[in-house]
Amino acid sequence: MCEWYAEHQRDLPWRDPACGSWGVLVSEVMLQQTPVVRVLPRWEKWMRLWPTPAATAAASTADILRVWDRLGYPRRALRLKDCATAIVQHFDGIVPSDEARLRSLPGIGEYTAAAVVAFAFHGRSVVLDTNVRRVLCRAFDAQALPVPHLTRAERERAAALVPAEPQRAALWAAASMELGALVCQKAPKCAECPIKSRCAWQAAGMPPDKLAHRRTAQAWHGTDRQVRGQIMAVLRASQHAEREELLAVVKAPHPQFERALASLLTDNLVVEFHGADNALAYRLPT
DNA sequence: AACGCGGGGCG
DNA sequence: CGCCCAGCGTT
């Protein structure tokens, strides 16, 4: 599989050896629940503007959110800025290289900490994202898809597969993820798979997902999340907006509009203030 | 353990 | 139009 990776890996900017640990961390946060093609342009701009944790910590929140643009889940952008601030305050502006300290940072959970260890520092860690989970559950369990939530058994099996030597462990992490992303997709391209002959799912005749009927996709149309996104889009495009302007643009029932706006205030993604004629108005945080 | 959280592109 | 996609933090 590592030979396959050497030949087929995508040429991504955060894989450049000169990228640096901050660039890797930024890419991993942006890639949480977000496809590579959508991350690329925002990552390029972010790294051009704020190439270090110190530069990011010094940026205004409004600028951060505008560069984040429509990447989605904008709370991640706030966490990334908070993460940069914490790195400056607690780690002298240097991205820590061990999982415990990485996990202490905002927005860095189990997966992202392991990924930064492997991809930024070429250390040994158990990188277990949705791609790797799919590869392993097919190769070893003959299941089409993993169960919805990561289990202890999966962690233990994955850990046992990671090579002992750090450099090889990091290569294993990259290769297993890339195989899941490019070949062992939900609709797999088994003809291109380097481990096809050793795959339990393949040997079992590629049985369909047993839990298919229990998997329900996240709703989108008409949800609070969509309304939040519309409000954020308006505020990214202007310095501020009064309630009436927002209501006119955002197509949602009034109670839902109020709920979405209130949640954005709670999340510190939007600030309320009194504008001209004392009218209530809203803007991005400074 | 379950839930809330964006958005665009594709079949 | 349904469905997917390099998770995290909170409850």
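Chain A is the first sequence line, chain B the second, and so forth, proteins listed ahead of strands; every chain is numbered from 1.
Checked by distance alone, A/Thr34 brings a side-chain donor or acceptor within 3.5 Å of a matching partner on the base of B/dG6. Below the 3.5 angstrom threshold, one finds no donor paired with an acceptor across the side chain of A/Arg76 and the base of C/dA6.
Using modelled atom types and a 3.5 Å distance limit, the side chains of A/Arg103 and A/Thr112 yield no donor-acceptor pair.
Protein atom CG of A/Leu102 is 17 Å distant from nucleotide atom P of C/dG7, rounded to whole Å. The separation between A/Leu128 atom CG and C/dG7 atom C1' is 12 Å, rounded to whole Å.
Nearest-nucleotide positions on DNA chain B for A/Leu264 and A/Leu150 put A/Leu150 closer to the 5' end. Taking the nucleotide of DNA chain C with the nearest heavy atom to each of A/Ser27 and A/Pro106, the more 5' of the two is matched to A/Ser27.
Of the candidates C/dA6, C/dG9, B/dG6, the closest approach to any side-chain atom of A/Pro74 belongs to B/dG6.
Taking only side-chain nitrogens and oxygens, A/Gln33 comes nearer than 4.0 Å to OP1 or OP2 of C/dG7. In this structure, A/Thr130 does not reach the C/dC5 phosphate: none of its side-chain N or O atoms is under 4.0 Å from OP1 or OP2.
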For nucleotides 8-11 of chain B, list the nitrogen or oxygen atoms of the protein found under 3.5 Å from its nitrogen or oxygen atoms, one pair per line.
unit_1, atom_1, unit_2, atom_2, d
B/dG8, OP1, A/Arg70, NE, 3.4
B/dG8, OP1, A/Arg70, NH1, 2.9
B/dG8, N3, A/Arg38, NH2, 3.2

Would you be so kind as to tabulate the donor-acceptor pairs closer than 3.5 Å made by side chains of residues 168-178 of chain A, with sequence neighbours excluded?
unit_1, atom_1, unit_2, atom_2, d
A/Ser176, OG, A/Trp172, O, 2.9
A/Ser176, OG, A/Ala173, O, 3.2
A/Glu178, OE1, A/Arg10, NE, 3.4
A/Glu178, OE1, A/Arg10, NH2, 2.8
A/Glu178, OE1, A/Arg15, NH2, 2.8
A/Glu178, OE2, A/Arg10, N, 2.9
A/Glu178, OE2, A/Arg10, NE, 3.0
A/Glu178, OE2, A/Arg15, NH1, 3.0

inquiry  = As a quick check of understanding, evaluate side-chain contact (heavy atoms from CB on, under 4.5 Å) for A/Trp4 and A/Val183, giving each step before the final call.
reply    = CA-CA 11 Å; A/Trp4 170 87; A/Val183 175; 3.5 Å; yes
